[in-house]
Number of protein chains: 4
Amino acid sequence: MSGSSYGQIFKLTTFGESHGVAIGGIIEGFPSNFALDLVAVQQALDKRRPGQSSLVSPRNEKDQLEILSGIFDGKTTGSPIAFLIKNQDQQSKDYQQLKDTFRPSHADFTYQQKYGNRDHRGGGRSSARETACRVVAGAIAAQALQKLGVKASTFVDQIGAVQLQSQQWFSTEQIEASPLRCPDSVISAQMEVLVKEIQQNGDTIGGSIRSVIEGVPAGWGEPVFDKLHAELGKAMLSINAVKGFEIGSGFAAIQMKGSVHNDQFLSDGSTATNHSGGIQGGISNGMPITFRVAFKPVASITQPQEVLAQDGQLKELAIEGRHDACVVPRAVPIVEAMAHIVLFDFYLRQQRNTLFL
Amino acid sequence: MSGSSYGQIFKLTTFGESHGVAIGGIIEGFPSNFALDLVAVQQALDKRRPGQSSLVSPRNEKDQLEILSGIFDGKTTGSPIAFLIKNQDQQSKDYQQLKDTFRPSHADFTYQQKYGNRDHRGGGRSSARETACRVVAGAIAAQALQKLGVKASTFVDQIGAVQLQSQQWFSTEQIEASPLRCPDSVISAQMEVLVKEIQQNGDTIGGSIRSVIEGVPAGWGEPVFDKLHAELGKAMLSINAVKGFEIGSGFAAIQMKGSVHNDQFLSDGSTATNHSGGIQGGISNGMPITFRVAFKPVASITQPQEVLAQDGQLKELAIEGRHDACVVPRAVPIVEAMAHIVLFDFYLRQQRNTLFL
Amino acid sequence: MSGSSYGQIFKLTTFGESHGVAIGGIIEGFPSNFALDLVAVQQALDKRRPGQSSLVSPRNEKDQLEILSGIFDGKTTGSPIAFLIKNQDQQSKDYQQLKDTFRPSHADFTYQQKYGNRDHRGGGRSSARETACRVVAGAIAAQALQKLGVKASTFVDQIGAVQLQSQQWFSTEQIEASPLRCPDSVISAQMEVLVKEIQQNGDTIGGSIRSVIEGVPAGWGEPVFDKLHAELGKAMLSINAVKGFEIGSGFAAIQMKGSVHNDQFLSDGSTATNHSGGIQGGISNGMPITFRVAFKPVASITQPQEVLAQDGQLKELAIEGRHDACVVPRAVPIVEAMAHIVLFDFYLRQQRNTLFL
Amino acid sequence: MSGSSYGQIFKLTTFGESHGVAIGGIIEGFPSNFALDLVAVQQALDKRRPGQSSLVSPRNEKDQLEILSGIFDGKTTGSPIAFLIKNQDQQSKDYQQLKDTFRPSHADFTYQQKYGNRDHRGGGRSSARETACRVVAGAIAAQALQKLGVKASTFVDQIGAVQLQSQQWFSTEQIEASPLRCPDSVISAQMEVLVKEIQQNGDTIGGSIRSVIEGVPAGWGEPVFDKLHAELGKAMLSINAVKGFEIGSGFAAIQMKGSVHNDQFLSDGSTATNHSGGIQGGISNGMPITFRVAFKPVASITQPQEVLAQDGQLKELAIEGRHDACVVPRAVPIVEAMAHIVLFDFYLRQQRNTLFL
C-alpha cells in the first residue's frame, strides 16, 4: 500500500532516505536451505556504486551490505532476510541550499504536495540511492535463478543518438569491458566521446538499456492483469528516470503487419522469430525474454537554472553536489536486479498451478 | 496472486472465458452513497463492442451489463459491486479446428504449458473479451473521478505509418466523430484507407493510443515501487496486444539533454513544458498526465499460416472466425478504463497520507 | 481491503446481499487439472440450507449452485472459478418494518454508521446468507484436501448447558444421525428437548462447535503473524454470531501447569497428549488439529423487544420472519468450510518453502 | 505471504531471530506530519522487557530502539519507519544443548519439519523476543489513536485459578501498581503467592489478559471476513502461548438466551448491556470494546523432562536459560500493542468508505 514493497511471494520491502542513518530492506519468501553467496551480493552492489570511472559520479559511498537475519550457518532459514546499508558519505550541507526550493523535474515539489513535508536532503526517499536495496534483492534472486538455468544479459544500447541495434545475448565480460556497459567497443567509444562532451557542458543526456534473458521455461507469468511483461514493465518504470518500456517488437510493432509480426512455430515449440519477446498472452513461451528501457537525462545539471522557492519566487541556482552526466551505465545492475526479482517471484507463483497434474 | 485482480483499495477481480457461460467481476472499495449512472456504464461497454463499423469485427455480442450486488435504491452501499455479462453469441464450432493446435503469437501454447490444459474455445481466459470487465470498472471509477474534476481524452494517434503527432486534449465528440477514433479528420481518412487495404489482404496492422488526462491534482501516486506511471504502465501492458508504454517524453528522452528536458517551473507551481508527462518521482504534479501505448497487429489473420499441432506437427491453417484488421480503435475505451481504475485507486490511497496535517 | 476476501493463494472473494439478485463469489488459486465433483459441492450447500428439520428455520431457499467459469470438460483450468446462487425466496416485505429501525444486537446500526446507508432487507450484506459462499469454496478445497489425506470431523458439542465433552473424531454418519449434529445420541436428545423449549418461548440459545482434523502433516502454517491457529481463529470469528475461539487446551490452559500442559514426545515425533491442538509455534506438528468455536444466541427473537428508530425513538417490536432457535447445527458446515479454506491455503503456501531442500 | 507482516494500510513487517544480530521491522502507512514521541515508544518497550521484578525472567536485555528512517525533524514523513533493536545479551551457549533436540511444546520440531533447517539458538524466529517489534509499532499507533480519543486498559485478569472478574476500565497507574499487572491489590497479592510457589517448583502456570478499550467510534471494522473482532482475534492468537480469544460475552454466550444476550438500545444509540463487546456485525458500535486472551503455561520449565533428539531418541533434559514462571504480566504490553495496531489500521481503512457522503 505505501509503495515500498515489490513482489507477491518473493517480496522486497525497502526503507531509508538518501541522507538518513541507513537504507535497507526485508526480503520475504526466499526458500530455506539455500547457501547464499554474500560476496556475490556485495559485488552486485559495487557495480551500482558511483565512483567507478571518470564518467560517473565521484561520490565514494561504500555501500557495505549488513545482513541482520534470515541466514544461519550460511544457509537461508526461510525467515525474512533483513539487511541494511549505512549511509556513510552524507554531505548534507551540499543540500542545505535546497531546503526551501524545488528543483525542476525532481520530486521535491511532488513529495511536498503529497505529504505536507519532506526530507529535502539529497532527495530523501526519492533519491536513486534507494535502488541499492533492489540490487541486493535482485542479486539474491539471481542465485536461485541461476540454479534454475536462467541467465540475463543487460547492457546499454543507446546514449543520445549513439545506438547499438542488437538483441544478442552478451556475456558479463563483454559488457563490463566497456566503461559505459555497451558491449560493442566501437559504439562504446562513440558513447564515451558524447558523454564527456555533455559532462563538460554541465549537462546530462538520456539513454536506454536492453535486457536479454535466456533459460526461462514456458509457463511463467499470470493471466490477465499480472502478465509477465506487464510486471516487468512496472518494475522498470519504477526505477528513477525511466520514461518508457517495450517488450519484443515494442513500438516498432505499430508499423508492422500481422503476417510479418506473427512468430511462426518450429516443430519443437520454439519460434522462427521473436517479436513476442519471449512472452505470449503474458506467459513465457521458452524463447529469450527481451525488453528495452528508456531513461531521461538526469535532472541534476550543473548549469544554472531556475528553481521554485517555497514562497512562490523563482530564482536562479546552480545545483551543486556530484551527479552523473549519463545515469544509464550505473542503471544496468538496477534493471537486471528488477528483472531477477520479477522472474523469481513468477517462478514461485507458478509452483502451485499444476500440483494435481 | 492469480493475476485476475487489479488495484489496492479500488479493486477489480474478473472471471470468465470467451465462450463460457458469462464473464464478469467484483469491484471492491468503491465508497458508499454514490448515485451510479448505470446507463453510462452500459454506453461505455457499447463503445468497446465489436460490430460498430465495417472496419471492425462484425460479431454481434450484446454485452448486456447485469449488476448483482452492492447498489441499493440507486446508490452504492460500500459493499462489493458484482456484475456479469452473459456470453450470448458463442459460436464455439468456429473454434473446433483449434482444439489440438496452437496458433502463432496467440496464448494457446503458453496456457497449455502453464496449466497442462486449457479452454481452447476462442482463447478462453486469454481472449480480449475479458477486457469488457475492465470497461465496466473503469466507467464506474470515471464517474467518481468526474466529480473530482478529472477528465481524460484518449484517442488513436497512429496506425501503421499514419501518425497524429499531438498531445492535445480532444473532446469525446472530436474523437467519436472518427470511425477509427482519431480526432484529426484528415489523418483519420488516411488511416481508413490503410485499414481497408490491410483488411482486403486478410492481414492486420499495429497502432498506438495516446491518453491525455487533465484535472489530476498534485500528490497522487506512491513512492518507489508504486509510482503512478509505473502502475499506469502495468495497467496498459496488461491489455491484450500491447507491446510498449511511454510516459511524457518517453523514448524520445533517450536523445534529449537535461537542460532541454527539465520542465522549468512557473511561479504558480505549474511547468513551462511537460516532458515529465504530469508525473515527477512517481507522483502527479498537477500538469496533464500524458502517455502512449503501442499495440502489435492482432495475431488472428485470415491469410493461411502454419500452426503447431499438439503432436508436434506443423500444418497450414486459415484461421476462421471474425477478427479486426486493426484492434486499436476498439482498444480506446479499454485504455481509458484502465487509466481510470489506476487513478481512482491512487486517489483513495492518497486520502490517508495527510490525516494529521 | 473491503473485507470480502479470504486467503492468500487459495482465495475466496464474495459478494451479494440477502435479498438482492444473487450471492456468489470468485475462487482464485485452485490448481489446474482437478476433476471437481460439483454434486458434492451442492450437497455441502444443502447441509447449510434452512428447512431441514422442525428445529431450524423453515425458509425454503433452494441455494442452487451455478458455476460461471474456471471449469472446462469437468476439470479446473487454473482460472478463477466464479459461481452464483440466486436469491429465490426473497420475502422482502417481511423486512419492510425494519427499514427505519435498528434491531438490538444486529448489524443494522453499525452498517448505517459505517456507510451512511444500507440495504435493510434481511440484513443485506450482514446476513448469514453470505456464508453459503464460504460453503462452496470450502467444499472445493475439501476435495483437494481429501486427496492429501486430510479429513475433518465437525460437530455440535454444546447447546446451552448440555455439553458433549469429547475431542474424538466422529464420522459424518455419526454426526448426521443427529438432527442437531451432535454425534452422541443421548446428549443430542437432551439438546432437542432444550431447543424445543427455547423455540416455544420465542427465544434463542447459544452453543458451540468442535472440529477435529486428522491427516494434516507437520509444516503447515506460517511463523509470527500468520500462525495456523491465528488464521483458523480469524476464520471462525468471521462467521456470524461467533464470540470465541480456542485451540487445543484453550481457556482451560489458564489453570494448567507447564509440567502438565507440555505434550511429551514419543519417539516417532508424535506426542503423548495434545494440549497443543496439533499446532506448535503456529505450525502443524502432525497431530490432530482440534479447536472449539462459541456462538451467541441469535439476536432475532420473536418475543417483542424494543428497537431504535432512525429518529432516536425506542419502540416495541416483535421481529417477524423465520429464524432459528439455535443456529449452531446449521453452522457446522460453515465452520468446516472455513477450516478447509484455511488449511488448503496453508498447504499451497507451504509448497514454496523447501524448493531447494 | 511469509507470515511476517500485519495490517493492510498501517502495516508492520518484522524480522530477526532471538540470537541473531538484531530484530526489527518496517512500519508502513503511518500518515505524515505527526510529531512522534520516541521516548514513549522506548518506555513501552521497557514495559515488555524481562528483568523488571523477581517474578519475571532476570535477563537483562536492553532493547534499545534505533529508528533508521521515516522521521525527519521529529515528524513522520509518510515514508516507511524502519527500526531495529540489537540483540545485546545473546548467551547462545545456554542453547548449545538444544542444537539437535526438540523441546516439548516448543516450535523446534515444527520449524525443522517446515523448513528443513532452523536457527536453534533460543528459538530463533519463534522466540517471543520477536514481540518487541510489535510493541514498537503498537506504541506508534497508540499515539495516533490517543489523538483520536481511543484509550485502552489492558490487565492480567487471571493466573491459575486466581481470577479478577471485571470488565472495568482501569488506569495505567492502577495496573502498573501491581507487579503482576492485576489492578486489584488483593487478587494481585494472591497471584503473587501462586506464582512464587510455581517458580519454586521449577514449573510454570497459565493466565489470561483482558483489554477494555474506550473511545472507538461506531464504524470501524469491515464486513464479512475482516470483522473487527476476527482481526483482533487473529492478532491475539498470533502472540506466543495464546490458546484462546473471546469477545464480549465470549464462551459464556453458549449458555445464554437471546432475550438476555441482546444488548437493548438506549435512545442515544448506546446499549444498556455490552454482551457484544462493542462490536456488532464485525463493526464497532461506539460501546467499549472488550475481549479476553487465554495464555498457556510457558513450555520452558526447569524441571527435567524428556526431549526428542534429531535421531529419534528420547532423553531427559533440564532446560537451562532464564524463563518466566508466568508470562502473562509481560504479555500485557504485547496484547495492548496488537490491539492498537489492529484498531489504527481499521481507522485508516474506514477513511475511504464515506468520501461521497
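Protein chains get the first letters and strands the later ones, always in sequence-line order, with residue 1 at the start of each.
- With a 4.5 Å cut-off on non-hydrogen atoms, C:V162 does not touch chain D at all.
- D:K243 contributes a side-chain N or O that, together with a main-chain N or O of C:S276, makes up a donor-acceptor pair within less than 3.5 Å.
- Panel note: side chain C:D263, backbone D:S105; no donor-acceptor pair is recorded below 3.5 Å.
- What you find for C:S238 and D:A230 is that their closest heavy atoms are N-CB, 3.8 Å.
- Between D:F225 atom CZ and C:L237 atom CG the span is 13.5 Å, to the nearest 0.5 Å.
- Only the backbone of D:L266 comes within less than 4.5 Å of a heavy atom in chain C; its side chain stays farther off.
- Once rounded to the nearest 0.5 Å, the distance linking CZ of C:F245 with NZ of D:K234 reads 12.5 Å.
- Only the side chain of C:F109 comes within less than 4.5 Å of a heavy atom of chain D; its backbone N, CA, C and O stay farther away.
- Listed here is the closest heavy atom pair of D:A294 and C:F251: CB-CD2, 3.6 Å.
- Nearest heavy atoms, C:Y115 versus D:N353: CE2-OD1, 3.7 Å.
- Note: C:S259 leads C:A218, C:S259, C:G312 in heavy-atom pairs under 4.5 Å with chain D.
- Taking both residues in full, the closest heavy atoms of D:P297 and C:G258 are given as CB-N, 3.4 Å, listed atom of the first, atom of the second, then distance.
- The NZ atom of D:K257 sits 11.0 Å away from the CD1 atom of C:I301 when rounded to the nearest 0.5 Å.
- When the candidates D:G206, D:A253, D:G3, D:G219 are compared by the number of heavy-atom contacts under 4.5 Å with chain C, D:G3 comes out ahead.
- Only the side chain of C:M338 has a heavy atom closer than 4.5 Å to any heavy atom of chain D.
- Looking at C:I247, both its backbone and its side chain come within 4.5 Å of chain D, counting heavy atoms on both sides.
- Chain D forms the most heavy-atom pairs under 4.5 Å with one residue out of C:G269, C:G286, C:G248, and that residue is C:G269.
- When each of C:T354, C:N285, C:I283 is checked for a side chain to side chain contact (heavy atoms under 4.5 Å, CB included) with D:K114, only C:I283 meets the rule.
- With chain C as the partner, the residue from D:E130, D:Q303, D:R349 showing the most heavy-atom pairs under 4.5 Å is D:R349.
- The contact between C:E306 and chain D is made by backbone and side chain atoms together, counting heavy-atom distances below 4.5 Å.
- Heavy-atom distances place the backbone of D:S284, and not its side chain, under 4.5 Å from chain C.
- Looking at C:F291, neither its backbone nor its side chain comes within 4.5 Å of chain D, counting heavy atoms on both sides.
- What you find for D:Y111 and C:P223 is that their closest heavy atoms are OH-CB, 3.0 Å.
- Atom NZ in C:K227 sits 8.0 Å away from atom OG in D:S126 (nearest 0.5 Å).
- Counting heavy-atom pairs closer than 4.5 Å to chain C, the top residue among D:H275, D:E231, D:Q350, D:Q313 is D:Q350.
- Here the side chain of D:T110 pairs a donor or acceptor atom with the backbone of C:Q280 at under 3.5 angstrom.
- For C:N262, the parts lying near chain D are the backbone and the side chain together; criterion is any non-hydrogen pair under 4.5 Å.
- Between chain C and the options D:G281, D:G116, D:A161, heavy-atom pairs under 4.5 Å are most frequent for D:A161.
- Across D:A241, D:A107, D:G250, the residue that shares the most heavy-atom pairs under 4.5 angstrom with chain C is D:G250.
- Neither the backbone nor the side chain of C:L228 comes within less than 4.5 Å of any heavy atom in chain D.
- C:S5 touches chain D through its backbone: at least one of N, CA, C or O sits under 4.5 Å from a heavy atom, while the side chain does not.
- For C:L308, the parts lying near chain D are the backbone and the side chain together; criterion is any non-hydrogen pair under 4.5 Å.
- Of the inter-residue distances, the one linking D:S208 atom OG with C:Q255 atom CD reads 9.5 Å to the nearest 0.5 angstrom.
- Note on C:D226, C:V224, C:V307: by heavy-atom pairs under 4.5 Å with chain D, the leading option is C:V224.
- When each of C:H106, C:M256, C:Q113 is checked for heavy-atom pairs under 4.5 Å with chain D, C:M256 comes out on top.
- Of the two parts of C:T131, neither the backbone nor the side chain holds a non-hydrogen atom closer than 4.5 Å to a non-hydrogen atom of chain D.
- Within the 4.5 Å cutoff, the side chain of C:R292 has heavy atoms near those of the D:I254 side chain.
- Between chain C and the residues D:R352, D:Q163, D:Q112, the largest count of heavy-atom pairs under 4.5 Å involves D:R352.
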